[in-house]
Amino acid sequence: MSTPDKRLFLLDAMALIYRAHFAFSKNPRINSKGMNTGAALGFTNTLVDLLNREKPTHIGVCYDAPSKTFRHDSFVEYKANRQAMPEDISIAIPYVKKIVEAFGIPGMMMDGFEADDIIGTLSCKAEKAGYDVFMMTPDKDYYQLVTDHVFVYKPAFLGNAIEIIDKPKVLERWEIENVKQVIDILGLQGDAVDNIPGIPGIGEKTAKTLIQRFGSVENLIANAHELKGKQKENVVNFAEQGLMSKELATIHLDVPIDFDEEGLRYDGPDTEKLAALFDELEFRQLATRVLGTASPAVPKPVSNKPTVGKGFKSDKPMGQTSLFEMPAGETVAPEEGADATAAGDDYAPRTRKTIDTTLHEYHLLTTPEQRQQLLKYLKQQKEVSFDTETTSIDAITARLVGISFCYMPGEAYYIPVPPKDEDAAREIVQEFKEVLESPAITKTGQNIKYDLVVLQRYGIDVQGPLYDTMLAHYLLEPDMRHNMDLLAETYLHYTPISIETLLGKGKNQLTMDKLPALQIYEYACEDADITLQLKNYFDPLLEKQGLKRLFNDVENPLLRVLGHMEREGVSIDADALAESSIVLQTSIQEMEQKIFNLAGMEFNIGSPKQLGEVLFDRMGLGGSKIKKTKTGQYATGEEILSKLAFEHEIVQLILDHRQLTKLKSTYVDALPALVCNEDNRLHTSYNQAVAATGRLSSTNPNLQNIPIRTEKGREIRKAFVPRDENHVLLSADYSQIELRIMAHFSNDATMKEAFQKGLDIHASTAAKVFHVPVDQVDSDMRRKAKTINFGIIYGISAFGLAERLAIPRREAAEIIEAYFQEFPAVKEYMDSAINQARDQEFVETLLGRRRYLRDINSRNQNIRGYAERNAINAPIQGTAADIIKIAMINIDQWLREEKLASRMILQVHDELVFDVLKEELPVVQPKIEELMKNAFPLSVPMEVGLGTGENWLQAH
DNA sequence: GCGACAGG
DNA sequence: CCTGTCGC
């Protein structure tokens, strides 16, 4: 890459001056004016030697800032041990600066940074521009910066020859695998001169062996339990100090300094100036050597033309593959996603890649010109990954801080926006509308629904195909977690910058808008970059496992629909809830008093522990059938207490008390508090990647468990209302969708017939199982049959059914037996599902959504039984989820195409709720029914129940 | 982290 | 069987 005429030398002035000073300290050079010139002479000698020997084309000298640096900010004692600078040195410095200047060499200094940070930053930039960089310094801290093209140039010293330290030498010296581990070693052993504490009892040798073994300070601390004795103690007790020392030893590569190629070009000295200086300092020998007529000691380099040099990679041709290696390329890609994760933890190298060990080009773009330039390239892409940085994890209230884009692994751009000035932010964001709303560009993101919801606030409705890496992994490994840091660790063996590094943690955590863009951009760019790399990793795996269609046609389109639903929200009648709260509070207090009176003492009814003691120890209820939980407490669950209700009236009071406090705390009081103060609506957040079966889940608040079963609970449903008097709520729910799916899968003639004839499925099941005509099925029989039907879907066991029906196990087993007699194909289907699972260790839904059941062949009966029930339940529950997802996508698309004002606002597993403009109802209602019924036709008809009303309860 | 309970 | 939230 580099050519002989691109050799940059960067000198650490202070380190060289100190060294020169001490080199001459044994026999000081005092000039006629009484000045100790040793430091200046030594430094100049070194410089001249360098110019003669290496004939650099580019050279610069870096100085420490006299002011405090960020290192002092983070550690007040930093360099406190260093004795005051010897007077001889402080006198020498201005002379050195003048000499350097006279040589025509730029001197560089930056407020708040030390020379090594400047040198580090410049060497990075220069290397990318194709230079070989030589850092002239005796300081071993610099070893952490060495790469294939960046070297430490160790000046000659006391008979030691010049030494050029390259990467192999660094690795060899400490027997490490990665140059960056130098930081870990320095952090551990500390540095007495700079007063970096390190960890007590650890010197260079121990540091070396520990890092060899654990890879990093962090990992050492995490695995301190593997150590012994005093060492273990020290590592544990001084963990924080160790981490801080590492931080102090880290040379920062983010100094805001440009690599000014032309300025660093060496053009030879100003001989006149130099002669005057040498004269003043009385450097006669040196004067002859450098300026004497005999030999021109300081050569002028051959001139060459600059090639690159703009920070922005504007001249890169499009469509070219990355300049950088894919991080994933270095490790052996596991055969399958399934194995990938398993192998990931066991065989992953101890040292992970990070931003500091991986080549990357992350850019901070702040000017309109830069943004236009980026835009120009983005528009030419077929796919782009992006990520938003915001002020909150709640997408509805979050304010944008910036957006990062990446379209080539290893290269990303960050555009900050003013978070306080929403109009100004919108203007910048609008510049990218064309790209974000382009139907031709695939947008990749990690949990991209979040970004979509945030961007809606800024007038952007992201269009075009979407690719969510979180959802990709959700389909590949539904039982696992899917956060980006974890995915990057597992599949790319890369540790991203943690948000905590940036913002701190706990209640004092900052928000993004508190940080300057300069501190955010690498983090933001890395996210977009990693996301793109994950996409490249997951895509072939999805293909191989036949998940592409589900991914492209269901999950990704759905995310946009969910984003719209979240942003839409739902209206609630807060006044009604506030009134309820007061009513409930009174009832609860009355009950409390009665309970205390009956118990003869006051206690916390909400504490299962205290409650158990009162009921069972003090009052002696329950007799022989007292149960305990696995933690040894008395079990006081609903089921248990219900059985005791007849023994004492206190029990029913307790049950009622529980119900009311639950309703009050979880719904009546919680929901109004979550209403958004901007639009006065309640916004839930749908999680598309937590339920291993493929269902959605809802949080903040959970609107999928609003009460319905009890009278008091239904009051809460009444508080969910249309947005205004021109709207009604429409509820549409699939009737018996899971049983229909069972009928479809099993192809059971009896069951299918019941659905085809539109019979009451529970009554008809009761008639079969209890061998009576349908018209003689009583309510108890129907209730039992209903429980059986649910049991079937859950992968029934006689034990479970007995529990649910509160009947003896024997009786439950007989009922199951009878059921299978009547529905033989269901039994066959269940057996075959389990067999298939045993065979391939996964089951799948109608659309190929997988669930891995790696315990299906366990020898442990309980574990295996659990997996077997999942083998039956997962395909059914998952297929139902698939179907309603398709319906949602189609309905959303239709509403949009028809430009209707009605909105889909909630999903509750088999139910969709709409806020319908009254005049649209005649069009909307039948269409929704049709789209739900026909989302994915099965071999049995699908029924949809519809209802409208002035609140959710009425509509349901 | 658990027990209890709201929903499907 | 699948969830999320509350209070302890």
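Throughout, protein chains are lettered first and strands after them, A, B, ... in sequence-line order, and every chain is numbered starting at 1.
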Rounded interatomic separation in angstrom, taking OH from A:Y634 and C1' from C:dC8: 18 Å
query: So, A:R851 versus A:N870: side-chain donor-acceptor pair below 3.5 Å or not?
result: yes
- request: Could you please spell out the steps behind the salt bridge (charged side-chain N to carboxylate O under 4.0 Å, His left out) verdict for A:D915 and A:R681?
  value: CA-CA 12 Å; A:D915 210 353; A:R681 280 163 78 86; 3.3 Å; yes
message: Could you tell me if A:R809 and A:S797 have a donor-acceptor pair between their side chains, going purely by distance under 3.5 Å?
response: no
- line: Under a 4.0 Å heavy-atom cutoff, the residues of residues 730-739 of chain A touching DNA chain C are none
Sorted by number, the residues of residues 601-610 of chain A with heavy-atom contact under 4.0 Å to DNA chain C: A:N604, A:G606, A:S607
- request: Quickly work out the A:L663 CG to C:dG7 C1' distance and round it to whole Å.
  value: 15 Å
query: Just how far is it from atom CG of A:L562 to atom NZ of A:K885, taken to the nearest 0.5 Å?
result: 8.0 Å
message: With a sphere of 6.0 Å drawn around NZ of A:K768, does it hold more than 12 non-hydrogen atoms of other residues, nucleotides or ligands?
response: no
task: Could you tell me whether A:E738 and A:R695 make a salt bridge, using a distance below 4.0 angstrom between a side-chain N and a carboxylate O?
output: yes
- prompt: Is there a donor-acceptor contact under 3.5 Å linking the side chains of A:Q509 and A:E500?
  reply: no
statement: 5'-most to 3'-most nt of DNA chain B touching chain A (<4.0 Å, heavy-atom partner on protein side) reads B:dC2 to B:dG8
- line: Here the distance between atom P of C:dC2 and atom CZ of A:R869, to the nearest Å, is 9 Å
- prompt: Going by atom types alone, do A:Q659 and A:K712 pair a side-chain donor with an acceptor below 3.5 Å?
  reply: no
- prompt: Roughly how many Å is it from CG in A:L671 to P in C:dT5, rounded to a whole number?
  reply: 11 Å
- prompt: A:R782 and A:S764: side chain to side chain donor-acceptor pair (under 3.5 Å), yes or no, with the steps?
  reply: CA-CA 8 Å; A:R782 188 177 181 280; A:S764 122; over 6 Å; no
- line: Between CG of A:L703 and C1' of C:dT5 the distance, given in whole Å, is 12 Å
- request: Describe the nucleic acid contact of A:R658 in one word from base, sugar-phosphate, nothing, applying a heavy-atom distance below 4.0 Å.
  value: sugar-phosphate
- prompt: If we ignore angles and hydrogens, is there a donor and acceptor under 3.5 Å between the side chains of A:T845 and A:D882?
  reply: yes
query: A:N705 CG to C:dT5 P: how many Å, rounded?
result: 8 Å
- line: With sequence neighbours left out, the residues meeting ring-ring contact (aromatic ring centres under 6.0 Å, His included) with A:Y634 are A:F616
query: Any Lys/Arg nitrogen of A:D748 or A:K752 sitting under 4.0 Å from an Asp/Glu carboxylate oxygen of the other?
result: no
message: Checking side-chain polar atoms at under 3.5 Å, does A:R864 have a donor or acceptor matched by the opposite partner on A:Y866?
response: no
task: Mind checking A:N702 for me? I need base, sugar-phosphate or nothing, with any heavy atom below 4.0 Å counting as a touch.
output: sugar-phosphate
task: Evaluate the side-chain proximity of A:E566 to A:K449: yes if any heavy-atom separation is below 4.5 Å, no if none is.
output: yes
- prompt: So what does A:E911 touch, heavy atoms closer than 4.0 Å: a base, only the sugar-phosphate, or nothing?
  reply: nothing
message: Less than 4.0 angstrom from a charged side-chain N to a carboxylate O is my criterion; do A:E943 and A:R740 meet it?
response: no
Ionic contact status for A:E477 with A:R854, cut-off 4.0 Å: yes
Nucleic acid contacts of residues 872-887 of chain A, taken as heavy-atom distances under 4.0 Å to DNA chain C: A:N873, A:Q877
- prompt: A:E638 has an atom CD; how far is it from atom C1' of C:dC6, in whole Å?
  reply: 17 Å
- prompt: Just how far, in rounded Å, is C1' of C:dC1 from CG of A:N862?
  reply: 16 Å
query: For A:Y866, which contact category applies under a 4.0 Å heavy-atom criterion: base, sugar-phosphate, or nothing?
result: sugar-phosphate
- prompt: Hey, does A:R804 reach any base, or is it just sugar-phosphate, or nothing, if we go heavy atoms under 4.0 Å?
  reply: base
message: Checking side-chain contact (heavy atoms from CB on, under 4.5 Å) between A:T661 and each of A:D656, A:I605, A:T666, A:I588, which is the one that passes?
response: A:I588
- prompt: Got a sec? Which of residues 693-700 of chain A come in under 4.0 Å of DNA chain C, heavy atoms?
  reply: A:T693, A:R695, A:S697, A:S698, A:T699, A:N700
